[in-house]
Amino acid sequence: MSKSPSAAERLDRAVDGILDGLSPRIAAAAGGVDVAAHPLVELAADLRTRLVPPPAAPSFEARLAVRLAAADSAPDPLAWALRHPGRLIVTGAVGSAVGVGVTAYAVWRNSRRASGAHRLLHR
Amino acid sequence: MSADRVPGETSSVDGDLPDVRAAQANRAAFAILYRRYLDPVYGYCFYLLGDHHDAEDATERTFLAALGAIERFRDEGATFRSWLFRIAHNQLANALRTRDRQRTDPLDGAQELTAASDDPARLVSLADDARRLRAALASLSEDRRQVVVLRFVDGLTAREIGVVLGRSDGAVRVLQHRALRELAVLLER
């Protein structure tokens with residue numbers, strides 16, 4: 001047994017009709033809206049007419065199109081990594097090795113400088 | 001949409017899908033979707049933020065996020081436009097959280113939306129009507145205002161609005177019903 005549609009469902013069907021270009025009277029009848037709720041259907045038609053979607057400014061449209069094109073051409077590092085997991089591991093290993101090497105060299109240089117200064121102080 | 005359809009069933013036919021597939025294969029094809037939805041997304045942001053600059057900012061973030069995530073869009077019940085407006089909704093939520101809380105009239109910048117007319121008396125009447133409508137919309141709770149804007153400015157279905165707002169389509173229909181009743185009282189109809 002199907003449940004009869006609620007007042008909100010009937011009004012929604014009438015609003016569908018309004019959005020499809022039906023007149024309020026026909027939309028209300030098609031939706032099965034009670035006579036007492038017909039003013040709501042007329043209000044819906046009025047809102048559809050009066051709530052004009054404002055167009056975006058042409059300068060904004062052009063600027064955003066350029067930004068989207070730039071974003072489109074920029075490589076996505078996450079997508080690249082997911083497509084090439086092997087290369088990601090090699091890149092990570094090489095990056096780590098370089099990092100360790102640079103750090104070791106910096107520590108060695110620092111210790112040499114420190115010992116040199118220490119010798120000068122105690123000469 | 002036809003008047004006798006089962007509410008919310010339109011999502012089974014998503015006219016954007018061929019263009020979405022093209023954009024997933026080649027992101028340059030996203031330009032078609034961008035051109036199609038720039039004004040609707042901008043309108044949604046503008047009506048909720050009431051400021052052209054804030055609306056442009058939210059619109060820009062929406063499209064950049066959508067382009068970045070287009071490969072992850074799946075046709076699993078939600079239409080592309082409900083997915084896109086969901087992204088816009090999240091951007092709006094961020095913008096509303098961080099914006100200056102002193103601003104109290106969210107549609108203050110909407111004056112230019114009044115239709116043009118050569119008759120000064122008619123212009124005054126239109127401006128007065130527009131002001132009353134802005135005030136009435138601004139006094140709605142945020143969820144009711146969202147439903148009114150998504151339904152009447154952008155023409156989304158109850159089901160699509162449900163996807164955007166994270167609600168059931170039944171809850172959206174109830175919100176729409178209550179919003180229209182409240183607006184009728186506020187506009188003395």
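Each chain gets a letter, A, B and so on, in the order the sequences are listed, and its residues count up from 1.
- You'll find the side chain of Glu56(B) reaches within 4.5 Å of the side chain of Arg63(A), heavy atoms only.
- Applying the side chain to side chain donor-acceptor pair (under 3.5 Å) test to Arg132(B) and every residue at least two apart in sequence or in another chain returns nothing.
- Counting heavy atoms from C-beta outward, Leu51(A) and Leu133(B) have side chains that approach closer than 4.5 Å.
- Arg159(B) and Asp12(A) are not joined by a salt bridge, as no carboxylate oxygen comes within less than 4.0 angstrom of a charged side-chain nitrogen.
- When heavy atoms are compared at a cutoff of 4.5 Å, Arg181(B) approaches chain A by way of both its backbone and its side chain.
- Note: Ala44(A) leads Ala44(A), Ala57(A), Ala14(A) in heavy-atom pairs under 4.5 Å with chain B.
- Enclosure of atom CZ in Arg21(B) by more than 12 non-hydrogen atoms of other residues, nucleotides or ligands within 6.0 angstrom is indicated.
- Residues passing the side chain to side chain donor-acceptor pair (under 3.5 Å) test with Tyr34(B): none are found, sequence neighbours excluded.
- Chain A is approached within less than 4.5 Å, heavy atom to heavy atom, by Glu60(B), Phe63(B), Leu64(B), Leu67(B) from residues 60-67 of chain B, ordered by number.
- Heavy atoms only, all atoms of each residue included: Arg151(B) and Leu19(A) are closest at NH1-CD1, 3.2 Å.
- Here the side chain of Asp39(B) pairs a donor or acceptor atom with the backbone of Ala56(A) at under 3.5 angstrom.
- Proximity of a side-chain donor or acceptor of Arg173(B) to a complementary backbone N or O of Leu11(A) within less than 3.5 Å is not detected.
- In this structure, Arg178(B) places its CZ atom where only 12 or fewer heavy-atom neighbours from other residues, nucleotides or ligands lie under 6.0 Å away.
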Report task. Could you check Leu47(A) against Leu183(B) for side-chain contact (heavy atoms from CB on, under 4.5 Å), going step by step and ending with a plain yes or no? Result -> CA-CA 10 Å; Leu47(A) 287 174; Leu183(B) 282 173; 3.9 Å; yes

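- When the candidates Val149(B), Leu175(B), Asp154(B), Leu180(B) are compared by the number of heavy-atom contacts under 4.5 Å with chain A, Leu180(B) comes out ahead.
- Looking at residues two or more places apart in sequence or on another chain, you find a side chain to side chain donor-acceptor pair (under 3.5 Å) between Tyr44(B) and His89(B), Gln146(B).
- For the set Val153(B), Asp129(B), Val148(B), the count of heavy-atom pairs under 4.5 angstrom toward chain A peaks at Val153(B).
- Under a hydrophobic-cluster definition in which Ile, Leu, Val, Met, Phe, Trp and Tyr are linked whenever side-chain heavy atoms come within less than 4.5 Å, directly or via other members, Ile32(B) and Tyr37(B) are assigned to different clusters.
- Placement of Val163(B) and Ile70(B) in two distinct hydrophobic clusters is found when ILVMFWY residues are connected by side-chain heavy-atom separations under 4.5 Å, directly or transitively.
- In plain terms, the two heavy atoms of Gly155(B) and Arg48(A) that are nearest each other are N-NH1, 4.0 Å.
- No salt bridge links Arg35(B) with Glu61(A); every basic N to acidic carboxylate O contact stays at or beyond 4.0 Å.
- Going from atom CG of Asp46(A) over to atom CZ of Phe152(B) covers 10.5 Å, rounded to the nearest 0.5 Å.
- The OG1 atom of Thr59(B) sits 4.5 Å away from the CZ atom of Phe60(A) when rounded to the nearest 0.5 Å.
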Query raised in the report: When you look at Val174(B) and Glu9(A), which way does the side-chain contact (heavy atoms from CB on, under 4.5 Å) test go after all the steps?
Result: CA-CA 8 Å; Val174(B) 170; Glu9(A) 286 170 331; over 6 Å; no

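- Pro54(A) has its side chain within reach of Tyr47(B): a pair of non-hydrogen atoms, C-beta onward, lies under 4.5 Å apart.
- For the pair Leu40(A) and Ala184(B), the tightest heavy-atom approach, listed with the atom from each and the gap, is CD2-CB, 3.9 Å.
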